[in-house]
Amino acid sequence: MNIDGGVEANSRQQQGNFAIAAGPPHSLKQSKTVSSPVDTHSVSRRLQSELMVLMTRGDPGISAFPEGDNIFSWIGTIKGCTGTVYEALSFKLSMKFPTDYPFKPPTIKFDPPCFHPNVDQYGNICLDILQDKWSSAYDVRTVLLSIQSLLGEPNNDSPLNSYAAALWSNQEEYRKAMLRYHKDVGGR
């Protein structure tokens, strides 16, 4: 083994802004990395695998399926947990997966919007794992379970709907307001 060749190979591996090119060392300087094309095939395989896990686990009150033939756009459903003001209600979610999923979180919204302290008038959800606490270890199942849990345990310290947050302490009044809102937006 040539010592210079070993140093050269190591140097090429450490060059984050250069592509590793076959051929003489001078070719490294000529082949700057341009943003590589996204491997949508591997993202698609990951989403298909997550769909299978979701279907086989059979977690109560959550489901999601691709919308038509587009594996990057799903429709989810969450049912309110027993013992919460959302019990017996069903909520639809719009789920859009970026082409660099799972390194970036999906965009998930209630569609139609849901009356909840952590959901705004457009259905956007304030949940840390969908923003700055996202990890590529999360999957569709864990996200749906987290949103289902959020329904009964809102974070009133960070409300998107301050009216809902203010009502939360009075569960009877909250439920009345939530049911009126749910009926008005066409919820089930």
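Keep in mind the model is a prediction, meaning the values are calculated, not measured. Atom set for the values below is all heavy atoms of this structure, side chains included, hydrogens, waters and symmetry mates excluded. FYI, the numbering just counts along the sequence from 1.
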- Task: Check the pair E87 / R175 against salt bridge (charged side-chain N to carboxylate O under 4.0 Å, His left out), numbers first and verdict last.
- Result: CA-CA 10 Å; E87 183 175 352; R175 184 163 173 82; over 6 Å; no
- Task: Could you please spell out the steps behind the side chain to side chain contact (heavy atoms under 4.5 Å, CB included) verdict for M95 and F65?
- Result: CA-CA 9 Å; M95 307 172 72; F65 297 95; over 6 Å; no
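- Counting only distance, with no hydrogens or angles, the side chain of H182 and the backbone of A177 share no donor-acceptor pair below 3.5 Å.
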- Show your reasoning for whether side chain to side chain contact (heavy atoms under 4.5 Å, CB included) applies to N118 and L127. CA-CA 7 Å; N118 303 117; L127 182 61; over 6 Å; no
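- The line from CZ of F91 to CG of L151 is 5.5 Å long, rounded to the nearest 0.5 Å.
- Listed by chain and residue number, T142 satisfy the side-chain hydrogen bond (donor to acceptor under 3.5 Å, both in side chains) test with D139 (two or more places apart in sequence, or in another chain).
- No side-chain heavy atom of L167 sits under 4.5 Å from any side-chain heavy atom of M178.
- Atom OG in S90 sits 5.5 Å away from atom NZ in K79 (nearest 0.5 Å).
- With values rounded to the nearest 0.5 angstrom, D111 atom CG is found 14.5 Å from Y122 atom OH.
- Within a 6.0 Å radius of NZ in K104, no more than 12 heavy atoms belonging to other residues, nucleotides or ligands are found.
- Closest approach of I129 and S146 over heavy atoms only: CD1-OG, 3.5 Å.
- Among all heavy-atom pairs drawn from A64 and V140, the shortest one is CB-CG1, 4.3 Å.
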- Task: Walk me through it: do L89 and L179 pass the test side chain to side chain contact (heavy atoms under 4.5 Å, CB included)?
- Result: CA-CA 9 Å; L89 295 175; L179 289 173; 3.9 Å; yes
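- Sparse packing is recorded around CD of E172, with 12 or fewer heavy atoms of other residues, nucleotides or ligands lying under 6.0 Å away.
- V53 and L144 are not part of a single hydrophobic cluster, where members link through side-chain heavy atoms under 4.5 Å apart.
- A single hydrophobic cluster is not seen to contain both L160 and I108; linkage of ILVMFWY side chains at heavy-atom distances under 4.5 Å, directly or through other members, places them apart.
- Of the inter-residue distances, the one linking I75 atom CD1 with S63 atom OG reads 10.5 Å to the nearest 0.5 angstrom.
- Looking at residues two or more places apart in sequence or on another chain, you find a side-chain hydrogen bond (donor to acceptor under 3.5 Å, both in side chains) between S42 and D39.
- The closest side-chain heavy-atom distance from P102 to F97 is not below 4.5 Å.
- Side-chain contact annotation: K96 with S73, donor-acceptor N/O pair under 3.5 Å present.
- Atom OG of S136 is separated from atom CG of D100 by 11.5 Å, given to the nearest 0.5 angstrom.
- Between P154 and P117, the shortest heavy-atom contact is CB-CG, 3.8 Å.
- Linking Ile, Leu, Val, Met, Phe, Trp and Tyr residues whenever their side-chain heavy atoms come within less than 4.5 Å places M52 and L145 in a single cluster.
- Between Y86 and W168, the ring planes lie parallel to each other; the angle is under 30°, not in the 30° to 60° tilted range.
- I78 is listed as a side-chain neighbour of L93, based on a closest heavy-atom distance under 4.5 Å.
- Side chain of S158 to backbone of N155: no donor-acceptor contact under 3.5 angstrom is found.
- Applying the ring pair (Phe, Tyr, Trp, His ring centres under 6.0 Å) test to residues at least two apart or on different chains, none of the pairs has a partner in residues 139-158.
- Formation of a donor-acceptor pair under 3.5 Å by the D59 side chain with backbone atoms of I62 is not found in this model.
- Shortest non-hydrogen contact noted between P106 and L130 is O-CD2, 4.2 Å.
- With a 4.5 Å cut-off on side-chain heavy atoms, V185 and F115 do not count as touching.
- Taking the side-chain hydrogen bond (donor to acceptor under 3.5 Å, both in side chains) definition, one finds that N156 meets it with nothing, sequence neighbours left out.
- The side-chain hydrogen bond (donor to acceptor under 3.5 Å, both in side chains) test applied to Y101 returns E50, not counting sequence neighbours.
- Note that the CG atom of N161 and the CG atom of N124 stand 12.5 Å from one another [nearest 0.5 Å].
- Of all non-hydrogen atoms in P113 and Y181, the two that sit nearest each other are CB-OH, 3.3 Å.
- Residue pairs satisfying the ring pair (Phe, Tyr, Trp, His ring centres under 6.0 Å) criterion with at least one member in residues 125-162, sequence neighbours excluded, are listed as follows: W134-Y138.
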